Amino acid sequence: MTTQDQKSVNQELIGVGAGYIKSMVLIAGCELDIFSKLIAEPGLTLDDLCAKHNFAARPLDYLLGSLVAQGYLKKRDGKFFVQEKYKSALDLNSPTSVAHMLRHQGSCLRGWSQLAYTVAYGAPAPYLVGVNGAEAEGVDFILAMNDIAESLAPTVAGRLKERGLLNFTRLLDLGGASGTYSRALLDANANPDATAIIFDRPVGIAEARAKMSETRFADRVDFYSGDFYVDPYPKDVDFVWISAIIHQQDEDATKLMFENSYDALRADGRVAIRDVFINAAHDGPVAATTFGLNMAVRTQAGMVYESDRVIALLGEVGFRNARLALPADDMTAVIVAEK
Ligand SMILES: C[S@@+](CC[C@H](N)C(=O)[O-])C[C@H]1O[C@@H](n2cnc3c(N)ncnc32)[C@H](O)[C@@H]1O
């Protein structure tokens with residue numbers, strides 16, 4: 001290798017190592033809610049922001065400068081404004097916002113920063129909660145799921161419909177968060193009178209109630225607040241939707257989840273599992289390998305499953321015809337089985 005080639009390899013690696021810096025600038029802007037504040041009151045200065053929100057001037061000066069340099073803000077005569085292009089995406093209160101997802105990414109990043117610790121010691125590093133506190137991180141997580149699912153859920157529901165797999169009368173959305181998939185599945189379902197029940201922790205149910213009340217599905221959705229590892233499942237449903245859940249737990253918990261789903265279903269019912277699945281060699285697809293790390297740095301037992309293993313577990317608890325109905329290299333793969 002020439003000296004020049006070596007230099008460019010070194011630069012490349014240092015650039016990869018510094019990749020977190022741009023991310024952190026944007027994420028800190030969201031965690032401190034700089035964008036919504038400047039959208040509500042355009043033209044605030046550094047001193048205004050410090051006085052109103054008790055921020056520290058020295059780091060805020062550099063943060064605002066970086067947000068300008070990266071193109072998210074503009075500055076005129078010492079006054080800051082959010083660039084038009086980013087307003088609806090970065091305003092926490094906008095229906096098209098991804099700010100909760102960016103805040104959740106901040107929380108992920110606090111885990112990822114200790115990836116080596118996790119590999120060395122076999123457990124997530126002690127978690128350092130973010131500036132908004134644990135409760136707000138819980139809400140951000142639920143709303144981040146909505147940020148991702150808002151555009152994906154109708155696509156996934158549409159694909160299930162195309163394959164004749166959406167004809168339920170009563171849906172159980174296990175770990176349904178704020179109900180984004182419930183809405184999409186009800187919307188695409190063949191039966192216009194079908195109902196749904198969202199089963200989630202209190203934080204998820206609070207957001208689901210709020211979001212669902214603004215939709216035409218408000219009187220077709222019930223809410224069940226609890227812990228699906230402890231509390232009994234609602235019964236007499238004919239579709240159990242387990243979306244982005246099994247990766248947070250080990251095989252025993254997943255098998256029990258399938259058994260409980262089987263018991264909850266009517267004789268003709270169906271279960272569907274949406275997730276990202278890893279190949280047998282555990283070296284792809286990329287989304288699966290990285291998601292495995294995401295689970296390793298934040299959970300004790302989370303994992304990415306091979307689709308064949310999920311299919312086998314479904315068979316072991318009595319489901320028929322378990323199959324990868326929607327293959328995909330990302331979190332939009334869906335396995336389906338019938339009772
Ligand atoms: C990764 S999110 C998936 C949300 C949604 N199903 C989706 O696909 O967008 C996991 C959801 O499961 C919920 N959850 C996790 N553990 C739970 C438990 N023990 N009992 C009830 N809900 C739980 C979380 O609150 C969260 O809403």
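Being a predicted model, the structure only gives us computed values, none of them experimental. All residue numbers in this chain count up from 1 along the given sequence.
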Determine whether Val276 and His247 satisfy the following criterion, side-chain contact (heavy atoms from CB on, under 4.5 Å), listing intermediate values before the conclusion. CA-CA 8 Å; Val276 61; His247 57 237; 5.5 Å; no
Going through the checks in order, is the side-chain contact (heavy atoms from CB on, under 4.5 Å) test met by Val336 and Arg270? CA-CA 7 Å; Val336 166; Arg270 175 176 287 138; 3.6 Å; yes
Pair Ile278, Met303 - check side-chain contact (heavy atoms from CB on, under 4.5 Å), show working. CA-CA 10 Å; Ile278 198 160; Met303 55 192 280; over 6 Å; no
Derivation and outcome, side chain to side chain donor-acceptor pair (under 3.5 Å), residues Asn191 and Thr169: CA-CA 7 Å; Asn191 175 354; Thr169 59; 5.4 Å; no
Would you check, one step at a time, whether the test side-chain contact (heavy atoms from CB on, under 4.5 Å) holds for Phe228 with Asn260? CA-CA 9 Å; Phe228 55 50; Asn260 288 334; over 6 Å; no
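Applying the ring pair (Phe, Tyr, Trp, His ring centres under 6.0 Å) definition to pairs two or more places apart or across chains, those involving residues 187-222 are Phe199-Tyr224, Phe199-Tyr233. Screening residues 110-167 for ring pair (Phe, Tyr, Trp, His ring centres under 6.0 Å), with sequence neighbours left out, gives His104-Phe141, Tyr117-Tyr121. Note on residues 58-81: pairs passing ring pair (Phe, Tyr, Trp, His ring centres under 6.0 Å), not counting sequence neighbours, are Tyr72-Tyr86.
With Thr290 contributing its side chain and Ala287 its backbone, the two residues share a donor-acceptor pair below 3.5 Å. Looking at Asp77, its side chain never comes within 3.5 Å of a backbone N or O of Lys79 through a donor-acceptor pair. Checking side-chain atoms of Asp238 against main-chain N and O of Phe168 turns up no donor-acceptor pair under 3.5 Å. No donor-acceptor pair under 3.5 Å is formed between the side chain of Glu137 and the backbone N or O of Val129. Proximity of a side-chain donor or acceptor of Lys339 to a complementary backbone N or O of Leu265 within less than 3.5 Å is detected. Side chain of Arg298 to backbone of Gln248: no donor-acceptor contact under 3.5 angstrom is found. Panel note: side chain Asp147, backbone Met101; a donor-acceptor pair is recorded below 3.5 Å. Side chain of Thr299 to main chain of Met295: a donor-acceptor pair is present (N/O by atom type, distance under 3.5 Å, no hydrogens or angles). Judged by distance alone, with hydrogens and angles left aside, the side-chain atoms of Thr118 form a donor-acceptor pair with the main-chain N or O of Gln114 at under 3.5 Å.
The salt bridge (Lys or Arg N to Asp or Glu O under 4.0 Å) search around Lys255 returns Glu316, not counting sequence neighbours. Arg216 meets the salt bridge (Lys or Arg N to Asp or Glu O under 4.0 Å) test with Asp187; sequence neighbours excluded. Partners of Glu135 by salt bridge (Lys or Arg N to Asp or Glu O under 4.0 Å), not counting sequence neighbours: none found. Residues forming a ring-ring contact (aromatic ring centres under 6.0 Å, His included) with Phe319 (at least two apart in sequence, or on another chain): Tyr262. Partners of Tyr229 under the ring-ring contact (aromatic ring centres under 6.0 Å, His included) rule, at least two apart in sequence or in another chain, do not exist in this structure. Scored by the salt bridge (Lys or Arg N to Asp or Glu O under 4.0 Å) test, Asp275 finds no partners at all (sequence neighbours excluded). With sequence neighbours excluded, no residue satisfies ring-ring contact (aromatic ring centres under 6.0 Å, His included) with Phe277. Applying the ring-ring contact (aromatic ring centres under 6.0 Å, His included) rule to Phe258 yields no partners; only residues at least two apart in sequence or on another chain are considered.
We find that Arg159 and Glu162 are not joined by a salt bridge, their nearest charged nitrogen and carboxylate oxygen being 4.0 Å or further apart. The pair Arg183-Glu150 meets the salt-bridge criterion, since a charged nitrogen lies less than 4.0 angstrom from a carboxylate oxygen. In summary, Arg201 and Asp227 do not engage in a salt bridge, as defined by a charged side-chain N under 4.0 Å from a carboxylate O.
Val334 and Met331 end up in different hydrophobic clusters when Ile, Leu, Val, Met, Phe, Trp and Tyr side chains are linked at under 4.5 Å. Under the 4.5 Å side-chain heavy-atom criterion for grouping Ile, Leu, Val, Met, Phe, Trp and Tyr, Val139 is not connected to Leu90 through any hydrophobic cluster. Placement of Tyr305 and Leu314 within a single hydrophobic cluster is found when ILVMFWY residues are connected by side-chain heavy-atom separations under 4.5 Å, directly or transitively. Residues Leu102 and Leu64 share a single hydrophobic cluster, defined by chaining ILVMFWY side chains whose heavy atoms lie under 4.5 Å apart. If you chain together hydrophobic residues whose side chains sit under 4.5 Å apart, Val240 and Val310 fall into the same group.
The structure places OG1 of Thr289 at 11.0 Å from NE2 of His282, a figure rounded to the nearest 0.5 Å. In this structure, the separation between CG on Asn279 and CG on Asp308 is 11.0 Å, given to the nearest 0.5 Å. Atom CD in Gln4 sits 10.5 Å away from atom CD in Gln6 (nearest 0.5 Å).
A donor-acceptor contact under 3.5 angstrom links the side chains of Asp48 and Thr45, judged on distance only.
At least one side-chain heavy atom of Val9 sits under 4.5 Å from a side-chain heavy atom of Met1.
Arg170 pairs in a salt bridge (Lys or Arg N to Asp or Glu O under 4.0 Å) with only one of the listed residues (Asp236, Asp193, Asp222), which is Asp222. Shown are Pro234, Ser261, Ser182; of these, the side chain to side chain contact (heavy atoms under 4.5 Å, CB included) with Leu172 is made only by Pro234.
Taking each heavy atom of Gly179 and Ala208 in turn, the nearest pair found is N-CB, 4.4 Å. Considering every non-hydrogen atom in both Leu324 and Ala333, the closest pair reads CD1-CB, 4.3 Å.
Around the CG atom of Asn54, the shell of radius 6.0 Å holds no more than 12 heavy atoms that belong to other residues, nucleotides or ligands.
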Side-chain donor-acceptor pairs of residues 15-44 under 3.5 Å, sequence neighbours excluded:
{"from": "Glu31", "atom 1": "OE2", "to": "Arg110", "atom 2": "NH1", "distance (Å)": "3.1"}
{"from": "Glu31", "atom 1": "OE2", "to": "Arg110", "atom 2": "NH2", "distance (Å)": "3.0"}
{"from": "Asp33", "atom 1": "OD1", "to": "Ser36", "atom 2": "OG", "distance (Å)": "2.6"}
{"from": "Ser36", "atom 1": "OG", "to": "Asp91", "atom 2": "OD1", "distance (Å)": "3.2"}
{"from": "Ser36", "atom 1": "OG", "to": "Leu92", "atom 2": "N", "distance (Å)": "2.9"}
{"from": "Lys37", "atom 1": "NZ", "to": "Leu32", "atom 2": "O", "distance (Å)": "3.1"}
{"from": "Glu41", "atom 1": "OE1", "to": "Lys52", "atom 2": "NZ", "distance (Å)": "3.1"}
{"from": "Glu41", "atom 1": "OE2", "to": "Lys52", "atom 2": "NZ", "distance (Å)": "3.3"}

